[in-house]
Amino acid sequence: MSLQRPKGTQDHLPDGSPKLRADLSASAFSHVTRTAARVLERGGAQWMETPLFEYADLVQRGVGSSTDIVRKEMFTVTYAGEHGGYILRPEGTAGIVRAYLENGLKQLPSPLKLWTHGPMFRAENVQQGRLRQFHQVDYEVIGSALSLVDAEAIWLMVQVVQELGLTGARIKLGSVGDPADRERYDAYLRQLFTPHAERLSADSQDRLTRNPMRILDSKSKDDQALIVELGVEPMLNFLGEEASAHFQEVRGHLEAWGVPYDLDPSIVRGLDYYRRTAWELHHQGVGAKSALGGGGRYDGLAKELGGPETPAVGWAFGIERLLIAMDAEGLKWPLTAGPLVYVAALDAEQVDPAARVALGIRAVARAEFAYRALKPGNVFREAERRTAVYAALIGSEEAGRGSVMLKHLSSGVQREVPVAELNALLLSDLFSEMPSPDSAPTPPALETR
Ligand code: HAM
């Protein structure tokens, strides 16, 4: 039996685990998803979930048969069903659009804003920030072709990142045009590269026939050198009138709202469904080649999947990469469960009453209790191991007076508090200011007596 997790996967660990980094911390994960929930739901998005696996043909048609994801990175589930088997989802958009069409969500107020988060699966070469099971926060707006919706989507992405405290993330904005523009660009690229095809990597030779624009995204140094040598014109120069006007509108909204971005005239996304606006979010801490997030408009996807023409736009960011960027900026995250009160009995008869006190505290705060009597020194040691803010001790004398001895651990201040007053005191102290992992609250109520 192997005690090793599969390559490219991570365990999300509890607080206090040895060698904890942000991208391994379950608390840090939940900090990101809760921040995203707050920002996106204030922006009108509704939570939804789709299955972790989908029929393979949905993913092939949705993501695109010429993409690396479909050609090299799909985890197939070994079941040869009528739809060509199942795929562990490599991304969220195809599943959400499938669910939108299948469940008649068109009847809900339009455009419909949806969000989700969860694991995605791609069999990639594993490296820092590149995993085989990773996690995305995903936002989709279905039912509007207006540029204002693209701009709002970008604003929301930036807002999530800002609310997490990140300052070094930048939007790279471009447009991949309408299908006719793409066809003209693909023809241009074919004409340009074909005479030099033998100098391209094997992958890019294949791209030349299937999807030439993906050559520009090649990781091969020789391919990149050839791109520079040939002076390849960017996609942006090939935009038709409508896509160009749409792009100018998106830029206008962002500029009016003060959302900073860098223009990326030759943006290439790794999925085939994009049309018009496309962008990525980058951060130095994650490295130039890896984006924190990416998104764009995908007006053709619903039709591709067998539904009616339905305009849509959305984005996703990788939670692990976001956490790497937060680490690089030295940002902290709050503990998931909030401040803890550790309750312990000093003798065997008080174990059950102490448990009852802890259960009562849970109406207002997180409380744990010792399952057997402890000496005071051990109570404090156990409380500190759990990074408790308070220890509440109950001996027979306190029990006789219907009270507990409450000690604020970081300051050492303690006093006897009647059980009936305990929750009110904890409420005012613990939640007057939500403590972060490295700043315990001072206990004014304890000190004033
Ligand atoms: P994507 O650019 O393929 O877009 O992925 C979005 C983000 O997921 C990336 O920027 C990255 O942070 C993270 N990510 C992707 N692959 C990995 C990996 N192997 N390991 C760690 N993180 C990774 C999409 O998935 C689209 N569905 C986004 C979208 C939504 N477009 C429209 N709506």
Side-chain angles (χ1 to χ4, degrees), residues 54-76 83-85 87-91 93-94 97 120-125 130 174-240 243 264-278 280 289 291 294-306:
E54 294 276 0
Y55 287 121
D57 57 0
L58 177 95
V59 177
Q60 279 154 356
R61 289 172 62 176
V63 171
S65 55
S66 73
T67 58
D68 282 358
I69 297 178
V70 166
R71 289 170 50 73
K72 301 183 196 164
E73 298 167 2
M74 297 216 295
F75 276 107
T76 54
H83 294 266
I87 294 294
L88 292 182
R89 64 180 187 189
E91 58 101 52
T93 312
V97 173
M120 308 291 162
F121 307 86
R122 298 182 192 175
E124 297 207 58
N125 289 330
R130 193 169 294 279
S175 172
V176 294
D178 283 317
D181 309 336
R182 276 291 297 279
E183 270 170 36
R184 276 188 288 126
Y185 192 53
D186 284 348
Y188 159 77
L189 292 175
R190 281 203 183 94
Q191 201 180 27
L192 194 68
F193 281 110
T194 303
H196 309 278
E198 76 289 352
R199 288 175 60 194
L200 287 169
S201 64
D203 264 353
S204 286
Q205 288 183 14
D206 187 53
R207 291 173 182 138
L208 189 55
T209 40
R210 291 171 187 275
N211 187 352
M213 197 167 154
R214 294 214 47 77
I215 297 174
L216 306 183
D217 207 25
S218 167
K219 298 199 173 65
S220 145
K221 281 204 181 102
D222 292 342
D223 289 353
Q224 285 303 331
L226 185 62
I227 291 164
V228 174
E229 185 186 317
L230 295 179
V232 178
E233 279 193 60
M235 174 70 228
L236 219 49
N237 293 1
F238 286 73
L239 294 193
D264 184 350
S266 49
I267 194 162
V268 182
R269 301 277 297 121
L271 304 113
D272 278 354
Y273 48 60
Y274 291 112
R275 286 188 189 176
R276 300 195 172 183
T277 324
E280 286 186 342
K289 288 214 175 109
R297 183 160 276 290
Y298 52 91
D299 295 348
L301 179 58
K303 185 121 189 261
E304 178 65 38
L305 299 181

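Two residues are said to be in side-chain contact when any heavy atoms from C-beta on lie closer than 4.5 Å; L226 and H196 meet this criterion. Using a 4.5 Å heavy-atom cutoff, the side chains of F238 and M235 are in contact. In this structure, the side chains of E233 and Y188 come closer than 4.5 Å at one or more pairs of heavy atoms. For the pair V268/R214, a side-chain contact is recorded, criterion being any heavy-atom separation below 4.5 Å from C-beta on. D203 is listed as a side-chain neighbour of K72, based on a closest heavy-atom distance under 4.5 Å.
Within the 3.5 Å criterion, the main-chain N or O of V70 finds no donor-acceptor partner in the side chain of Q60. Checked by atom type and distance alone, the side chain of E54 never pairs as donor or acceptor with a backbone atom of R89 at under 3.5 Å. Of the possible donor and acceptor atoms, none in the side chain of Y185 sits under 3.5 Å from a partner among the backbone N and O of P212. For the pair R275 (side chain) and S175 (backbone), a donor-acceptor distance under 3.5 Å is absent. Looking only at distances, no side-chain donor or acceptor of R276 sits under 3.5 Å from a matching main-chain atom of D178.
Contact check on R71 versus D206 returns a salt bridge, with a Lys/Arg side-chain nitrogen under 4.0 Å from an Asp/Glu carboxylate oxygen. A salt bridge is defined here as a Lys NZ or Arg NE, NH1 or NH2 lying under 4.0 Å from an Asp or Glu carboxylate O, and D68 with K219 fails to meet this definition. A salt bridge does not link E91 to R122: none of the charged side-chain nitrogens sits closer than 4.0 Å to a carboxylate oxygen.
Side-chain atoms of T67 and D272 include no donor-acceptor pair closer than 3.5 Å. Y298 and T93 form no side-chain donor-acceptor contact under 3.5 Å, judged by distance and modelled atom types alone.
Here M213 contributes atom CE and L208 contributes atom CG; the two are 14.5 Å apart, rounded to the nearest 0.5 Å.
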